Amino acid sequence: MDYNFNEVEKKWQEYWRNNNIYKVDIDKNKPKFYILDMFPYPSGAGLHVGHPLGYIASDIYARYKRLKGFNVLHPMGYDAYGLPAEQYAIQTGTHPAITTEKNINRYREQLDKIGFCYDWDREVRTSDPGYYKWTQWTFIQLFNSYYCNQTKKAQPIAELVKRFESQGTEGLDAACSTPLTFTAEEWKAKSEKEQQEILMNYRLAYLADTMVNWCPELGTVLANDEVADGLSVRGGHPVVRKTMKQWLLRITAYAERLLEGLETIDWSESIKEVQRNWIGKSMGASLLFDIADKDINIEVFTTRADTLFGASFMVLAPEHEIISTIVSDEQRAAVEEYVTWAKNRSERERMAEVKKVSGVFTGAYGINPFTGARIPIWVADYVLMGYGTGAIMAVPAHDSRDFAFARHFNLPITQVVAKPGEEPSDASQWTESFDAKEGVMVNSEFLNGLTVKEAIATMIAKVEEMGIGKGKTNYRLRDAIFSRQRYWGEPFPMYYKDGMPYALDESKLPLELPSIDAYKPTETGEPPLARAKNWATEEGYKLETNTMPGFAGSSAYYLRYMDPQNNNEFISKEANNYWEQVDLYIGGAEHGTGHLIYSRFWNKFLFDLGVICKDEPFKKMINQGMIQGRTSFVYRVNVQKYKEYFANKEMPFDVETLGTSNLFVSKNIEGREFYSDPIRVDISMVHNDILDTEEFNQWRDDLKDSKFIFEQDKEGNPIYVCGWEVEKMSKSKFNVQNPDDLVAKYGADTLRLYEMFLGPLEQSKPWDTQGIEGVYRFIRKFWRLYTDENNEFSFSDEPATKEELKSLHKLIKKEEDDIERISFNTVVSAFMICVNELTDLKCNKREILEPLAIMVSPYAPHLAEELWHQMGHDDSVVMQKFPEFVESYVVENNFTYPVSINGKKRFDLELPITLSPAEIEKAALESAEAVKWIADKSVKKVIVVPKKIINIVVG
RNA sequence: GCGGAUGUGGCGUAAUUGGUAGCCGCGUCAGACUUAGGAUCUGAUGCCGAGAGGCGUGGGGGUUCGAGUCCCUUCAUCCGCACCA
């Protein structure tokens with residue numbers, strides 16, 4: 001009988017809970033450390049081994065920091081609003097709160113079994129009224145704020161009103177939907193409703209008609225990051241474009257700060273790049289083109305102002321409002337047809353046909369402001385209304401899309417940039433455009449001879465001087481659509497009066513989610529909340545029936561953990577000033593353009609309000625990789641293919657007599673890949689890639705008479721060998737590793753260690769079902785260090801030997817070095833080495849084993865706690881201090897140098913560690929081995945790297 | 001197309017950051033204890049070679065006394081964005 005992890009783990013989990021070991025409070029005598037996991041959405045499927053990977057890593061880091069004397073905040077909670085519970089509610093009528101509660105309890109049970117050190121007193125749930133009160137509160141603040149581009153921060157909308165009253169829009173530079181100009185008098189003359197409409201143009205949370213991603217299947221709109229390839233990310237339902245009145249958050253106001261802030265935080269380069277792309281800053285110019293024979297002009301945006309002389313046509317997005325004004329009578333019918341066609345195409349169709357060129361001529365012409373040339377204006381859906389001005393000047397010679405368009409419709413192509421080192425050529429003969437921003441300008445009047453970079457600057461200066469354009473920065477980032485036509489989400493704290501939205505008084509918060517009789521839209525197509533009885537204020541004004549999206553509740557949850565029970569303010573100054581921000585955030589990289597950018601935006605807004613003290617929410621972030629499944633396959637013989645394959649050959653087995661429906665052939669039987677179909681098989685029936693055929697027969701009714709063509713192992717025994725592939729872990733692929741099963745079989749500590757041992761945290765890797773045995777052996781070996789052959793604890797109080805100390809000190813150094821690099825797999829290796837060494841040394845000394853138990857406690861907390869108590873301590877190992885690094889972990893006084901002759905290692909030389917480089921060199925050259933190797937050659941050079949290597953160059 | 005990574009034994013990986021490549025583990029092989037082993041323990045295990053020795057970090061080139069690590073080039077795989085003017 002050796003280590004009984006079941007008993008031990010249960011005992012200490014109870015002890016930790018009963019003694020509130022992991023409770024944390026503000027303690028100004030200690031430095032703080034805030035380490036956070038992305039909180040999970042509690043789905044019905046429970047956890048698989050991939051989920052706890054990041055949690056285990058953060059738990060180890062949190063425990064380590066605590067041993068190092070930090071006051072560690074390490075909380076956990078639930079992102080409780082989500083579509084699955086609501087879909088389930090629609091189907092079954094079960095209130096999503098009930099489903100969610102059930103799932104949360106299951107999650108909690110699973111998490112507890114792994115032995116995390118969360119302070120559960122700080123748990124938050126986004127669907128708790130006490131929590132979403134502050135989500136609603138933040139929304140009201142957004143509604144009541146505008147963004148001043150001069151002070152570069154959010155300011156109260158009341159200040160804007162005062163400004164309008166005294167000076168109108170004079171001198172105003174604020175983020176807005178459409179630039180407006182009016183005087184103070186004009187403002188005062190407007191009705192209340194008109195004024196509210198104007199303010200809506202500036203609010204950070206505003207209501208507007210927008211093109212949205214409408215998902216008919218889900219009955220709601222989705223944000224851009226919730227749509228991929230024209231399908232909803234959750235559920236994979238088709239998404240169409242549609243204009244609807246929606247709440248939006250003016251995140252675009254913060255584009256520049258979101259971009260700049262990336263420089264100040266310690267995130268992976270790849271995720272920063274994802275965010276930079278998403279923000280998509282590009283600097284260019286906006287230019288005005290007059291329209292021939294009309295008294296209007298069109299504004300275009302370009303990053304290539306230098307190529308203006310090469311603009312041979314213009315293109316408008318199909319949604320561009322000027323189209324109907326400029327279109328000629330002859331072209332009107334064709335244009336209208338095209339616009340209608342373009343508008344009705346789904347996102348998916350559009351994406352699938354990106355390469356297909358389509359468009360129509362409007363019959364109108366723009367005027368090149370420099371040459372006066374008339375250039376035709378076209379409408380085409382490759383120009384997007386949502387970016388820039390929805391209109392472009394097309395320069396086919398230097399833009400591949402314009403080039404394709406010009407080729408298709410036979411429009412002129414004019415070269416204006418000469419490739420570096422080449423003479424200009426006839427652009428109409430080109431097979432592709434020259435898009436690079438290099439080379440020298442040609443055919444461009446005053447720009448000729450300038451480089452592209454110079455030409456851009458010169459052109460912008462010129463158009464600014466002429467008053468027909470100006471330098472301008474554009475962002476790809478769009479305002480975030482914030483309305484969802486669903487039930488299971490935060491209600492907006494807004495009501496409607498005279499058709500305009502107003503915020504509820506803050507004292508009315510939280511506005512609780514009402515009960516309704518069914519969770520789907522009303523017959524008239526209104527959102528589910530319209531079903532609620534008396535969904536109106538006390539005065540009888542109608543309340544908003546949309547709810548907030550999933551990212552609302554997750555955008556500032558990390559702040560609430562600092563002060564989770566505070567019912568009077570979002571977060572107290574005291575709590576925020578102490579905990580400041582998240583020091584280490586661990587979670588998946590898939591939230592790069594969603595949660596992680598919305599959080600940064602909310603954080604910056606709350607910072608502007610003065611509610612919090614840090615401008616960025618997450619100082620350092622680690623993105624853990626995904627754990628993939630390793631799917632096993634069996635191969636079912638396809639009789640037809642089999643007969644075809646062996647048509648002219650002798651058949652190795654007779655399919656007719658063996659039966660034709662469930663005949664499986666082992667992986668390495670010759671020709672198998674040509675006549676069999678792979679079928680996924682549950683990994684629980686496969687050991688070391690060998691199928692347990694009896695279990696397989698009992699797996700499903702339709703397989704109970706299966707027959708097998710075996711291959712032979714080395715001893716000639718018949719075995720059925722399965723194939724395998726790395727895939728996403730999922731129930732339908734029969735490759736799910738359930739943490740509960742693993743905990744039951746090997747214990748939580750083994751699971752924790754093994755998840756870390758699997759490889760670098762940030763890398764995606766398949767779950768290797770066999771490797772866990774090795775870690776399990778290590779755990780038991782560790783246990784045996786502390787126990788004798790009768791499984792009794794026994795320790796010696798003798799002083800440790802140099803060798804034993806060296807082993808321990810090496811481990812301390814390794815653990816301290818690697819944990820800061822979040823390289824836990826190498827630390828686990830170091831533990832294994834140390835335990836192997838100490839086992840060989842038969843070490844049972846207290847002096848070694850006590851610090852060792854403390855050191856292992858972040859990784860295997862249950863085992864460590866048991867050992868600690870068995871050594872006679874009353875307090876928890878969690879509360880101990882990490883052993884100090886002993887500088888002289890190299891205990892010997894000698895150092896062994898590898899000596900190389902001409903870069904080739906020849907022998908080892910042992911020298912005192914105290915020698916200077918010159919002395920080392922001298923000793924090396926005089927050594928007997930060196931003399932032998934150098935022989936008659938002359939020594940040209942000696943390279944000495946102290947404590948590393950000696951290299952002698954001879955010739 | 002643009003951007004970000006990553007390439008090391010049969011497999012997962014390591015390498016003191018430019019200094020003896022392959023630590024630790026899996027798998028495999030051999031041995032011990034066993035009626036037995038999907039148990040436990042011990043040893044071996046990069047490749048070629050009987051051996052001495054040779055070859056080895058995707059390929060090619062370079063810098064260096066010395067390169068998995070730095071530079072150039074090329075190939076392959078994965079991920080993200082994508083008609084963004």
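Note that the structure is predicted; figures quoted are calculated from it, not measured. Any value given below was found using the heavy atoms of this structure, including those in side chains, with hydrogens, waters and symmetry copies removed. Per chain, numbering begins at 1; letters A, B, ... match sequence-line order.
Out of B:rG80, B:rG12, B:rC83, the shortest distance to the side chain of A:Phe757 is found at B:rG12. Each of B:rA14, B:rA15, B:rA82 was ranked by its minimum atom distance to the side chain of A:Asn825; first place goes to B:rA14. If you check B:rA5, B:rA85, B:rG3 against the side chain of A:Glu269, the one that comes closest is B:rA5. Checking B:rC83, B:rU17, B:rA85 against the side-chain heavy atoms of A:Arg821 singles out B:rU17 as nearest. When distances are taken from the side chain of A:Ile833 to each of B:rC24, B:rG80, B:rA15, the shortest belongs to B:rC24. The side chain of A:Met832 approaches B:rC24 more closely than any other nucleotide in the set B:rG4, B:rA85, B:rC24. Side-chain proximity of A:Gln770 to the nucleotides B:rG27, B:rA82, B:rA14 is greatest for B:rG27. Closest contact between the side chain of A:Val274 and the listed nucleotides B:rC24, B:rG80, B:rC83 involves B:rG80. Checking B:rG3, B:rC24, B:rG27 against the side-chain heavy atoms of A:Glu273 singles out B:rG3 as nearest.
Between A:Ser270 and B:rC79 there is no side-chain polar atom (N or O) within less than 4.0 angstrom of OP1 or OP2.
Around atom CD of A:Glu432, no more than 12 heavy atoms belonging to other residues, nucleotides or ligands sit under 6.0 Å away.
Comparing the C1' positions of B:rA14 and B:rG9 gives an interatomic distance of 13 Å, to the nearest angstrom. Across B:rU69 and B:rG19, the matching P atoms stand 11 Å from one another, rounded to whole Å.
Ion pair A:Glu816/A:Arg821 not flagged as a salt bridge, since none of the NZ, NE, NH1 or NH2 atoms sits closer than 4.0 Å to an Asp/Glu carboxylate oxygen.
Side-chain contact between A:Asp402 and A:Met393 is absent, with no heavy-atom pair separated by less than 4.5 Å.
Rounded to an integer number of Å, the gap from A:Met283 CE to B:rA85 P is 12 Å.
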Heavy-atom contacts, protein to nucleotides 37-46 of chain B, under 4.0 Å, summarised as B (base), S (sugar-phosphate only) or - (none) per nt, yield -B-SS-----

